[in-house]
Amino acid sequence: MVLVAPLAAAFLTFFLSGRDAASTLRTSLFLALAVAGVTFPVLFAGTVATSVHTWFQLPVLGTDIRWGLASDGLSGWLLALTSVLVPAALLCSPRVVGDKIREFAAAAFLLQATLYGALLSVDLLQFFAFFEAMLIPATILIAMFGGRDRRRAAMLFLVFSLAGSVPLFVAIWYLATVPVMSGHHVSLDLVSLQALVATLPPQARQRLFAATALAFLVKIPAVPVHIWQADAYSEGPAPGSALLTGIMAKIGLYGFLRIAIPLFPQEAKADAGVFVALGLVTVLVGALLALRQREARRVLAFSSLSHLGLGLAAIFTFRPEAISGVILLMVAHGLSAAALFFLTGIAETWSGSRHVDDFGALAKRAPLFSVLFAVAALASVGLPGTAGFVAEFLLLVALWKAFGLLVAAVAGTTVILSAAYTLRLVQKLLFGTSAERNPVPLEFPAAAAWAVAPMLLALVFFGFQPGPILKAARTDLLTRLPSAQALIVEDAPHVAGR
Amino acid sequence: MITQVYFWIFSIVALATALGVLVSRHPIHAALCLIGTMVSLAGIYSLIAAPFLATLQILVYAGAIVMLLVFVIMVLNSAKDEHTPRWDAFGWAALAPAAATAFFLLRILLGADAARSFALRPTDPPAARGTVEALSTLLFGDRIGAWSFLFLVVGLLLLSAVVGAVLLAKHRLDDPAAPSTPRPGGH
Amino acid sequence: MLQVADLLPFLGPILLLVLGALATLVAEPLLSRADKHRVLPWIGIVSTGLAAVALAFTKSGHLWGILAIEPTRAGLVLVLLAVLALGLAALQRNLDSDDFPGGEPYALMQLAAVGLLLMVMASQTIALFLGMELASLSIYPLVGCRRDRSESAEAVLKYFAQGAVFSAIFLYGAALSYGATGTVFLAANVLPGRETVQMLGFLLMAVGLLFKIGAAPFHFWSPDAYAGAPSGVTAFMAGAVKIGAVAALGNLWIGHLVSLSAFPSYMVGTAAGAHFPPISLGLQVFSRILQTIFQVRRGLSVAGFIGFALTIFGATAILSIAIGSLSLLGQTSVRRLVAFSGVANAGFLVVGFLLPGLFIANILLTPTLYYLAAYALAAAGTMAGIAALTGPGDGGDHTSSLTGAARKRPLIGLSTTVLLASLAGLPPTAGFVAKFQILSQLFLNASLDPAILQRILPPALQHLSQGWLLAVPIGAFAFAIVAAAGYFKLAVALWTDPVPNSREPEPVPVLLGWAVPLAALAVVALAIFPRALFGG
Amino acid sequence: MTPQLWLLPALPFIGFLINGGLALFGSRTESGPSRGLSGFLGVLFPLVSFILVVLAWQGLFLERESILRLNHDLGLGLAIPQVKPFVQVLWTWIQTGELNVDFGFRFDELTGIMLLFITGIGTLIHLYSVGYMAHDRGFARFMAYMNLFLANMVVLVLGNGPLVTFMGWEGVGLCSYLLIGFWHHDASNGAAAKKAFLVNRAGDLGFLLGLFLLWQILGTGTPLTYEAIATWFRDPVHAALLASAPVAALVTASTLLLLLGATGKSAQIPLLTWLPDAMAGPTPVSALIHAATMVTSGVFMLARLSDVFAHAPLTMEVVAWIGAATAAWAAVTGLVQTDIKKILAYSTISQLGYMFLAAGVGAFDAGVFHVFTHAFFKGVLFLGAGSVIHALSGEQDVRRMGGLWKKLPLTFAAMFCGWYAIVGLPFGAGFWSKDLILEKVLLRGGPALYLVALATAVITAVYMTRLMILVFWSKPRLSPDAASHIHESPLAMQIPMWILGLGSLVAGFAWADPFHLDWFSRHMSESVGPAQALLGAGTGGGPSAILLESVGVVASLLGILVAVALHRSGKFHENSTGPLSVPARAWTFLFDGIHGVAGIWPVRILSWILDNIVQPLLVGFARVFGWCVEMAGGAARMAQTPRLRWNLGLSVLGLVALLLLLARNIL
Amino acid sequence: MGDLQPIQLQVLAAILFALGLATVMARRNLFFVLMGVELMLNAANLSFLSWSRTMPGAVGLEGQLAPIFAIAVAAAEACVGLAMLLSVFRSRESLDTDAFDRMKE
């Protein structure tokens, strides 16, 4: 099935000759496209699931750990996004990772496989297993191909992520063991967990929710557990960072949508204020920090922080607009941020530096690059006509409806700030004068253009026609999880009815 | 009563020689002391109805093991080891955990009703039952039994010990004295 | 009455291994030096494989009560054989690349495996002691077999001296246990009034075995021994010795629990309390045992014993996890890293002895044994992988000697990385499932009702609150993360760019080339099918 | 039959794509892409678009005329005929929850008039650019941007709902950004572009938030189209509701936020600082975007949502005062400028202020009329300025010009027309529209606003006359270098100038009440009529129009005289900056300072704190923690002593500890 | 007094055991380490035998068999130990255990 495809691809890639980078690239690209070819039917199939087996049982307690795969609109779009980004990353990687293309491809495939696993899991522990397993290829991506300080960054990333998953792990221990003592037959699959959690004492639920949420906060990441992010994204290889921010970070939001909120609806609702506040703080801190970064990819990293913070805040409005908007945001941000990372990576190979001041005048020297970069930047800013606008608009609508104008206004400052830091980046990269004395035209690899351009086209397409994605949320996510549905806020009778 | 007398003699000798092992300067002295301990323990064994064990103790331990030890000491004559101080600060300090071990062992063995519980009772078997016959019957009775199987394992153990000793100590004919230097002719 | 013919199926694996060792010894002088390392390992592998086949035909049962085998132990034996195969393969690599003048190590390793097999199967202290000594006396020379290297001598010196002392301690404990129960069997009723002696005996034997497991504070030998030995031997030690010792310690512990469960007081007053509604038989039995055992606190009660035993295990476990994880963090020596990983994992294994599942005889130690299998495969596999990736003399045993090694041999590098991940407890490896099982059950212990906790806990720990107990699994997990950081450094070294102009690595022998990936595969397979070995 | 409205933005967009492609793929060649081709295409698509607009508008126009004639024939009186606008819904854009937004276009008379001059003047300025930019390396790129701008502007005007408008709204902002920063090798241009974009974004946020509130008033189930909004607000059923305090407050808040958006786009107080900086772009850009079209979209939005604004008296008051204040302030600032384009920029701001003022007093149609006339005369002024700059090889400082009317007679003639219109001399375009505004202001806004507006008219005359004097009439002060290259502009630049110059003389007759020419206001009636009716339009009875117009003319003449007098007295001396002794900087940078204090510096300080204090603290915390763990690891490794006796001793100590525990436990 | 009580032997065994332990820990010469281990093994044997006294029949005899195995093991251990000692001595010309302190961390 879908899960096996990237794994198989990873292994096949691994056995390719390490010497001939070009042929390796070709083969791995073919494999990536094949994986994508397998993935898209899943997206179009809508809600599908395999049968669920028992993976193992905890001795004595009889807690059932299950194993099964299921996909719906939410997973489907993220799967599709993943399957698009991986070949794109491969296309953009040759200049960045050099002769290590085979290893890079293998790691990317592994990352893809674990992401698929996490997205398709029906069991909490199964999800967690993939959630953790994802760290391995992600760490490899950072540690193996990145910049000078990559090991420290990778270490920071690994330790932070592991530490972040501790609370979730503890919550799983609790769910797997303690309810047994009060007479429940426990199984960790997400559907039956919902019923189980409802029977737990409120205090326990509260703590479990906090624990679960913390793990996902680290993944997104949200302030103040974000400090791994900038290093990881800037020290890792740019295509790798693209994958990290493009997909892996989304697992955090996905976790909220799929696990934290459906399992603990009341707690989520009760604590919504905290999370919205966290999200808003993340939005602002990310944007403000992005304004001051000296390295291109750090700007992008904090920009990701800011954008996903908005998603976090909006999820906790529990409004249909927000749910749709978040999915759209994930896709839009996945595409635009990844595109920016890809392009920045290529720009870094030109200047040999990551510092923004070492770029310049790329608009003259590499026009195609500049066009792509500018479009990607504008998409990330959320210019109307790109998917990012629709997503941000929906999220702001949701925030406004749920919390009023002031909150929406605070969140909306991202509109200004994101423009500020993104334009600063654009200015430094594309415009001005070159840092070099004799600027010569630079060769922009056609492969990268072929990789990025379709992503940007998709962004524009979804900017005008976001229907399919929005519908996915509506039909799949909201109908599948009853507890989530119950949460969705009905509109307050509008003013005319008062 | 006479048993008690012997016991006290033997035990004092055993302890004294054991102490001698601890404090003697030269290994050879210690080895001699060790023989003393072995022999007096053999005496005690014979007091508690284990004549065969007493014999073994003298034959194997005192006769073979310690002799081997002495032999090696003599071989390594330079191992007189005048440089190594007999006692140093750590040596003294190390006595403390040993003493503590003894203290706790004794305290637990002697404590509460434990000691009472294994006092000899009139129903206890008579002395002198650890004869060769009794033990060999148990070991190599008319059937294959647990103990004889374990005896085979001991054979295996000795085999491995011999092989191991060979591996550790044998001078290979084709092994140059200084193996760390590159061998002539490749390998 | 048993006939020799009846023994054969039961002892098949052991006999085949012994035969293999003897064949190796016989063939050794007949072969030229180069051929020794080409032929002898294969003899060992064949006999190991045959032993594994024989294992399939072995029926459950016991031999005069001293050796027993049932599916659980058979599973352990299987893992042991796998580790032996890994060890032999790696040893071939070491000795071949060192041009070692002799083939005895192969035989010794098989003999050591026989000893460990006996430890797994033993249910009687003398057999256990003999197995332990057989294993130890075979491994000491293996550790010291590189006589040309001074650290080898140093390692064998320390290992031997400490090992001999703790053997003696074990024997003394066996004697006391014999005195307390009147038999040398592990599960036997205590003679009236000798409970304290029993506990003392248990303590000393447990310490002897904890030494073999390498749990702190009895772990000092392991870094030195691991670092002084050829990496193949390290692989074997890391995996196999732990299997033997943990199995033995488990037998000891279960045996004592079984004999305690037969205590007359167990049968009285076993009404199920209101707090534990009977939902499953297992749980019912569990709650009864908890209630009955711990309610009765006579002066020298069973509760006292269990509480004390839990204290031993708890203290060593926590200490081991902490020391092991912290020490491996900054290691630059590969094998010391693996050694401290062994210490940390020993802590997790010992934690397994605290599980509630232990109180039900038919469940035994499933999570612990699963952990054991996962760890043994991963540790042995890792060391074997390192052996394959380094050159002669194990490349000086510094992580820097491994720089870029995986890039030159991607398959083995990847396998080694997967095995390292298993050691660290990351999915998708068995290490993850194992840690989850053990820690979640431990978590259950800590989440029990405070009133019950007060009864389980030994007096010394009774002032501890529930939060403190929760800290045990959580702290264990936190240290696991520290350890993961340590493994990460090694993995990074494996995958960084190779030093330019470094020479081409020697070809890896066929055996090792297959063994390491298979071990990695096994570790992953064990994660996907966790019930394959021990059920559960 | 509904015209295919989507063609209107699509055509320039195709032009953008083709020209963009040319620019992109031709950039490698030695000479760049073919100028002829891209120039031709660049003008062609707007032209076709313009023709289509004319055709569509003609449809509406003819329909109206026929209805009128019918009404007349039937003797039905002068009821304003309702003309059904063309609406084309293309697809469902956003659908989720209660939100349902269609992507569609709406072509009514307001749109029609806007589009007429947008595409029309747009086409002319494209043509002008062909001449002006002919020697620039990035010619194709420039044409692409211009086309893109036009496409976005059309979307802005043509959108059938505020969200579609918003799309164009941001789109023109983007193009403005791109064009201001067109010469991007100079970092200061980039900075100006960025400033424009950011200030606009701040306004856009207001737009969005205002939209939310508006939507809340409507009830979130209502589709977000202008039609729905107009229907809702015009529905008498809702009158009582709108009068209730909470809803009124909502309306006020909503309109104020929308107003913020409008001020951003139209460079009004408080978001006006970007426009003068925007003059860094090529002059055709200044003419098209920053004078004729884009900056007027704020006014357009006010007119579009006039039904909403009409229900918010407070907002209207604010609009009026913002307009008046901006007009006055910018006019004064215009006095002290020395850069020819900056003078025109402040002039634009000032004129935009008039438009806001008109809208604020409820004369939306007058405001839009001024937009219309302003497009002509400001267009020609900018084009003329461009021509001058072109002729002087880039010289922009009026102090180094003078006496050019002889050298550049054609340019002078065209600019004179523009000057004539802007100062409001009789029968010029500005005369009609400005005096109309003044009249409405006096009628509905009161004397205070009227006086401000009148004073502004005087000042306008002063600085415009100053401009003309310094550039064309006074003694030549050219640098020798510039003087040697001086030449009249090519035909491609001349033609648009003439047409616009002509337009600035006659465009005012679209609504010249004294001549009973009022088709402009009639055409506006469908869109803004109800709102104006609600605000009590037509409750006249003030001074007669003739009198007011005379006052206006007198004001203009006064201004001209003052200017001439000042010039005579040497106040326009070449070294002085202007007629005022107040430092020019203080005027120019007043609002920059305010922005700095209110927005930029807090953000900078905050981000500095986050970057230099908070982030290092967090990272440092993690580092220290990691360091502690490493230290603990070091300590643990130290415990692993290398000596056998220590090892044994420690192990035995462990044993002793366990023995102690046992002893304590059982004894 | 009368018959020899097991507790007497146990005390002797415990003290011997502790003395052996002390020898192993306190002395630096490798020979002493080996001899200390022998002492400890002897103590264990003594303990076995003394317990054997208190038990009837074959059970009691088991306690006499165990030391036989223990002695065998001791012999094997001595064999390996001495071989190790030779090997160690060759490698560093010293039997001082403190001299073997090169393996750090």
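These numbers were taken from a predicted model, which means no experiment stands behind them. Chain identifiers are assigned alphabetically (A, B, ...) following the order of the sequence lines, protein sequences preceding nucleic acid strands; residue numbering begins at 1 within each chain.
- In this structure, Lys435(C) satisfies the cation-pi test against Phe348(C), with its NZ or CZ atom closer than 6.0 Å to the six-membered ring centre and inside 45 degrees of the ring normal.
- Rounded to the nearest 0.5 Å, atoms OG1 (Thr114(A)) and CD1 (Ile136(A)) are 8.5 Å apart.
- Between the side chains of Tyr487(C) and Ser341(C), at least one donor N or O lies within less than 3.5 Å of an accepting N or O.
- Of the listed residues Val159(A), Thr139(A), Val166(A), the one with more heavy-atom pairs under 4.5 angstrom with chain C than any other is Val166(A).
- Aromatic pair Phe131(A)/Tyr254(A): ring centres not closer than 6.0 Å.
- Of all the heavy atoms in Thr429(C) and Ala527(C), the pair that sits closest is C-CB, 3.3 Å.
- For chain C, the nearby parts of Thr54(A) are the backbone and the side chain; heavy atoms of each come within less than 4.5 Å.
- Both the backbone and the side chain of Leu162(A) come within contact range of chain C, each with at least one heavy atom under 4.5 Å from a heavy atom of that chain.
- When the candidates Pro428(C), Ala484(C), Ala424(C), Ala485(C) are compared by the number of heavy-atom contacts under 4.5 Å with chain A, Ala485(C) comes out ahead.
- Only the side chain of Ala421(C) comes within less than 4.5 Å of a heavy atom in chain A; its backbone stays farther off.
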